[in-house]
Protein chains: 2
Amino acid sequence: MTATLESITASLANISITPAASVIHAETNSPATWHEALQSAASVPPSFEPIKTLVYKPKTAKTAVPVPVVVIARDDTETSSSALAKKLGLKELRLASEDLLDEFFKLDKNSLSLLALDKESFPKVVTVVDSSIASTPDTIFAIHALSSSSTIFLSGKDVLAYLRSLETDELKIQEVDFTTLKTEQSTVAPVSSANAARSGTKEKEDPKIEGAVQIAIGVKKEVDFSAWYQSVLLKADMLEYYSVSGCYILRPWSFSIWEEIQEWFNKRIKAMGVQNVYFPMFVSSKVLEREKDHIEGFSPEVAWVTRAGSSELEEPIAIRPTSETVMYPYYAKWIKSHRDLPLKLNQWNNVVRWEFKHPQPFLRTREYLWQEGHTAHLSKADADKEVLDILELYRRVYEELLAVPMIKGIKSEKEKFAGALYTTTVEGFIPASGRGIQAGTSHCLGQNFSRPEMFNIVVEDPNDPSGQGKLYAWQNSWGLSTRTIGVMVMVHGDNQGLVLPPRVAYVQVVVVPCGITAKTGDAERSKINDACDELAKSLVDIGVRAKADLREGYTPGYKFNDWEQKGVPLRLEIGPNDLVKQQTVSVRRDTGAKAPIPLSELKTVVPVLLETIHKDMYTKALNEYNSRLKEVTRWEDFVPTLDNKCVAVIPWCEEEACEDDIKERSARSAEPQDERAPSAGAKSLAIPFDQDRFTPLEPGKAKCVGCGKDAKRWTMFGRSY
Amino acid sequence: MTATLESITASLANISITPAASVIHAETNSPATWHEALQSAASVPPSFEPIKTLVYKPKTAKTAVPVPVVVIARDDTETSSSALAKKLGLKELRLASEDLLDEFFKLDKNSLSLLALDKESFPKVVTVVDSSIASTPDTIFAIHALSSSSTIFLSGKDVLAYLRSLETDELKIQEVDFTTLKTEQSTVAPVSSANAARSGTKEKEDPKIEGAVQIAIGVKKEVDFSAWYQSVLLKADMLEYYSVSGCYILRPWSFSIWEEIQEWFNKRIKAMGVQNVYFPMFVSSKVLEREKDHIEGFSPEVAWVTRAGSSELEEPIAIRPTSETVMYPYYAKWIKSHRDLPLKLNQWNNVVRWEFKHPQPFLRTREYLWQEGHTAHLSKADADKEVLDILELYRRVYEELLAVPMIKGIKSEKEKFAGALYTTTVEGFIPASGRGIQAGTSHCLGQNFSRPEMFNIVVEDPNDPSGQGKLYAWQNSWGLSTRTIGVMVMVHGDNQGLVLPPRVAYVQVVVVPCGITAKTGDAERSKINDACDELAKSLVDIGVRAKADLREGYTPGYKFNDWEQKGVPLRLEIGPNDLVKQQTVSVRRDTGAKAPIPLSELKTVVPVLLETIHKDMYTKALNEYNSRLKEVTRWEDFVPTLDNKCVAVIPWCEEEACEDDIKERSARSAEPQDERAPSAGAKSLAIPFDQDRFTPLEPGKAKCVGCGKDAKRWTMFGRSY
């Protein structure tokens, strides 16, 4: 089926329906990308909600022609497939395959909407409509216009009118109140014992099927990594898409992680004598453009303020992409004597790099949060030492807080920071995409910015016997950004959603009451709830971030799923039997492992268990990283290694021309060549400091895999972010 | 003497001197304003230093014609007047009066520079030149071009050439190496005993004279408050002027205060259930302009990004002046059920209000740091309560951290936040200017933003029996900014510089070794230094932020002055006699009071003393504030009260027209009418919650001082920031 907005609008007009609006936008492949496309579209209604269209296939004999069930619901409505199956008297409802969608509607899942129901398809399916659509006739809903790149907006009233127009005397739509349905189900099929609840089969199945069957929501990490990532961030309430493209809202669930990192890092840099400051975010073009190599790296991405109120500014003013040129004129002023060195300043701030392609939450955004440290030293030795001290802190942020393994190394000349003498990096790896990721960098700027023709940061040389000698300051800069959070999500998350490392989790332990059914008396109910509350409080007392989830009207299964999506490291369950046994059942988010814990041992066991989870998450990720580092000594193996989602570690000559050449030769020509997108060609990721982990290179004998010249060191090459 | 840049340039050309540049700028009346004027001037050299020209009058018989000493020095050079007097064989050098400047140079202090020396004046004075000017012939210096509104730039070489051109066979300039001079003096006039050092007369005199005699540096708080304020901020290393006008650099000495406030406030709002988030700083014009009343309050000051790299943006994007309209579309999305309320979010961020007039560090700047809390509630009662809870935290930040008294109250309709239902405020007072200052505001927005035609933040009403009722969220917003720091400086600072309240001081106690002279042996010297170091460490051990100042090459007097300028609350001195007595002498920054403390009691006495200092600073400021609150019941007394630098507290009708009228009638017509400048007309500052502190108003009898109608409540009116 092919359809244009015009043809759809025309057929709606035939039944007297006028859309509130309709827009064409970028291709979308998930609720997240759809949402974003709509946010950046020009003429969408001021307020609207998406409608989801879910297609289920009931279990039928293989030879029978299936009658799919099409569910049309508000995006927020919980549409329990098992409860629905029961109501419709069907055996089991499973997500329809793409083949079935194609067979019945000639559409892929990204283009599907209720508009796929027409005179032809309607009689072949069962159509179920969320009754809350009818009950809000004035709400405007967004609906795919039979294409993943167009959307039409209809009121609740018009949605109903459209579907009613398809009805025949034999076949009507079925309105279902899913809220009541949920309650009915929990009444009809109460969980009979705490053990059953704990085994999780009954209740857990529900949300899991739920997750899987919703079209374009239950995206699998291994199938569509990018859609999975966006979905995890949204479902875990970490992030919200924002009306300015490339900018995102950091919600408490992610911002709290940043606060943990800030606190940890602040404490340690202050112990090193670093002081926090705040420099303005505006910078004049004159100052910004002082260091040529440096600004060349940034100028295509600089955002310019040219107007204030209704007045044009005399000179446009830039928003800092980084603060070297903002700060260093003042370093020149403040540093007058060798006694003023070292000067060690840091700021936590926002910076703007207006990238035009492929924004990705946390990893590549137009505005982002980071810390930038800028220090000046008397000697290169002092500067060198600090570069490594900071790099070690970055490694520890990843490994000790986020449980994400890193490899420390130095960047190639081509990949170093614009204007730096050299750049060191902690280099991470995303197994799902097989790409390396630069996770934090600590630069020695040498004297590039302090030179007289630059910022002239100079003191008398205290070691010059003549007293006339000048010494230009040795400078470093180093930065760590909210990219940390994105890397953490990508490395640990799974098909149930986020998996949080315990040390940074806003909620480390959630306590869920179980075995409460419609038959449970009030006394029993509050006994269980109180026990949960008490348990959470006793953990809070010993410094564990615990929380009891006592929400009414939600099944344990719903809660399990909710907290699993949000990645809470440890769940504790308490049901009637547990009360009897004076125990709680623990369920680890990372492994799913269950174990009873006697309440008397809670305060000792839980902290240890959280540490074990941290260690296990780290070890798992480390083993994964190690298994994807492949020593490659022949060019023939290079691209296949990348295609295998691995990092190729090669003996390398360290020459820039060779790196250019490797990149070009390893690019798959089918992919677009965008410098800033995850690049298809491989670049050097890092020259690891620890060369001993690799097979020793024989000097003179070891040849560069790229060009055949003498190789210097093992170097990691890979596709990257 | 009147001179134009042209005429000066012409006479320089006669002696083959070509200025590096020359600029005309705004009038300046202090080094700070000069600095700022140069920063915002278009064509200044990339790097330069100001030169200071100091004029001293030696003590001479009243009848004798004085021979002033003119000192021309780099801005950074310490020019000790007593050492200089000794060197020149003069009795005493005192700052020359304005009369004397006029008599000899026909110039005021703000226009004076070395160019005031000409064939006519040179023979009448002694000219001393800082030898470090000659030793850096290529450095470019800024020099007032005989006017406070123009500046000429000359190299060190040309400065010398100019002065040499004035020399005659009889009269030469004298080059003085002030660094050597300082050392010589401390050798020539050693402090003979610890007691002498402690009495401070000898050594302290020096820096104090120093402070006073430098033209346009030793500005008195009571004489030129604005120049004093800028000078204190610069001298205390709190602030640096920046190359983009209206933006300032917060150096560690001030930023650490902000960090203290952040930590204190974060802890308390988190206990209230507030979570931190980060929303983007960019906002589309469509969203920004959604709430009309609100945006009208901000639109003249909004900064717009229109370009990125070399591309024009399709639509200009604003930088947030505040985040109501940035956030609330997402509140509408996230708040779907009454169970989602309350929603309490806060962010610490930068905002931009591009004001065109009178920027003032901390008080009114184009970019500033603040926290903005945004909450949504189910009921007005809940919202009302939170408004006051937050206001109480603001009061405590000022009173408990900064020792600055506040009066809590409500703003008039005219003065409330744009778009708010009502605004509560903590209102401070700056005695030196007699102006009120809005120090922090907590707004109830009512349902103004949640209404359906605005952001439509709506839930089902859980208390409506029909189940159909809708409830629009009750919202609050509240903010506290780095203005806190400016208020603190203005209230506590004195003519020695900053006075820091102990709880926020980055250094609470400084330990200074005394009685070390050129004759002191190495053993004795290190004994004293070690004692200081140990003393500081023992204080650090008990959580006091203490620091020993063991810098070599500086006299105790220099150090005293340095730390006094920086406002350190408590100084501890240790000299040889103190070591014998096992004591230290404490000197309070706020009162100058001295008292010995036995070393054995140090750990108990110092924390108590710091608390006493806090209390005394607060009480002093409170008494001052109270003494300036004047009940005024007749219009005739209104303006005189303001002119007396007081707040007029009047029985008021609370009508907007009356407030407009009061403002107009109380304005001194000579002053410019700038709404955003410290206004000359009085406006209502607050209607204090605590009405009982004032004489009871008899209902029906008490009449409004402004219009004679029935008065409602006592209301504070005043000039303000």
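Numbered from 1 within each chain, the chains take letters A, B, ... in sequence-line order.
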Among Phe298(A), Trp258(A), Phe255(A), single out the residue with the greatest number of heavy-atom pairs under 4.5 Å to chain B. Phe255(A)
Where does Ser299(B) contact chain A at under 4.5 Å (heavy atoms): side chain, backbone, both or neither? backbone
Cut-off 4.5 Å, heavy atoms of chain B, and the answer for Met327(A) is neither
With sequence neighbours excluded, tell me which residues meet salt bridge (charged side-chain N to carboxylate O under 4.0 Å, His left out) with Asp76(A). none
Looking at Lys547(A), I'd like to know if its NZ atom is crowded, meaning that more than 12 non-hydrogen atoms belonging to other residues, nucleotides or ligands lie closer than 6.0 Å. no
So which of Thr365(B), Val326(B), Asn456(B) has the biggest tally of heavy-atom pairs under 4.5 Å with chain A? Val326(B)
Using a cut-off of under 4.5 Å for heavy-atom pairs, which of Asn276(B), Thr306(B), Val244(B), Asn266(B) has the most such pairs with chain A? Asn276(B)
With a 4.5 angstrom heavy-atom cut-off, which part of Ser135(B) approaches chain A: side chain, backbone, both or neither? neither
Tell me whether the count of non-hydrogen atoms from other residues, nucleotides or ligands lying under 6.0 Å of CD in Glu315(A) goes above 12. no
Starting at CZ of Phe279(B), measure out to CZ of Arg251(A) and round the result to the nearest 0.5 Å. 8.0 Å
Determine the option with the most heavy-atom pairs under 4.5 angstrom with chain A, choosing from Trp334(B), Phe455(B), Tyr506(B). Trp334(B)
Go through the atoms of Arg339(A) and report whether side chain, backbone, both or neither lie under 4.5 Å from a heavy atom of chain B. side chain
Check whether Thr482(A) gets within reach of chain B through its side chain, its backbone, both or neither, counting any heavy atom under 4.5 Å. neither
Glu240(B) side chain vs Tyr330(A) backbone, donor-acceptor pair below 3.5 Å: no
Turns out that what part of Pro316(A) lies under 4.5 Å from chain B's heavy atoms comes down to side chain
Greatest number of non-hydrogen atom pairs under 4.5 angstrom with chain A, of Ala318(B), Pro280(B), Ala308(B), Ala332(B), falls to Pro280(B)
Per-residue contact mode, Trp253(B) against chain A (heavy atom under 4.5 angstrom): neither
Checking heavy atoms, do the side chain of Lys344(A), its backbone, both or neither come under 4.5 Å from chain B? neither
One should read off an interatomic distance between Lys333(B) NZ and Asp75(A) CG, to the nearest 0.5 angstrom, of 8.0 Å
Quick one: what part of Glu259(A) sits under 4.5 Å from any heavy atom of chain B, side chain, backbone, both or neither? side chain
Quick check on Glu552(A) against chain B: is it the side chain, the backbone, both or neither that has a heavy atom closer than 4.5 Å? backbone
Quick one: list whatever passes salt bridge (charged side-chain N to carboxylate O under 4.0 Å, His left out) with Asp340(B), sequence neighbours left out. none
Would Lys336(B) and Arg74(A) satisfy side chain to side chain contact (heavy atoms under 4.5 Å, CB included), going step by step from the backbone distance to the final call? CA-CA 12 Å; Lys336(B) 287 296 182 193; Arg74(A) 298 172 83 119; 5.8 Å; no
Contact class of Tyr241(B) relative to chain A, heavy atoms under 4.5 angstrom: backbone
Take a 6.0 Å sphere around NZ of Lys470(A) and say whether it holds more than 12 heavy atoms from other residues, nucleotides or ligands. no
Taking only residues two or more places apart in sequence or in another chain, which ones pass salt bridge (charged side-chain N to carboxylate O under 4.0 Å, His left out) with Glu453(A)? Arg451(A)
Which residues from residues 346-354 of chain A are near chain B, with near meaning under 4.5 Å between non-hydrogen atoms? Asn350(A), Val352(A), Trp354(A)
Nearest 0.5 Å, please: how far is CD in Glu263(B) from CD in Glu263(A)? 8.0 Å
Give, as side chain, backbone, both or neither, the part of Ser243(A) having an atom under 4.5 angstrom from any heavy atom of chain B. both
Is chain B contacted by the side chain of Tyr248(A), its backbone, both, or neither, given a heavy-atom distance below 4.5 Å? backbone
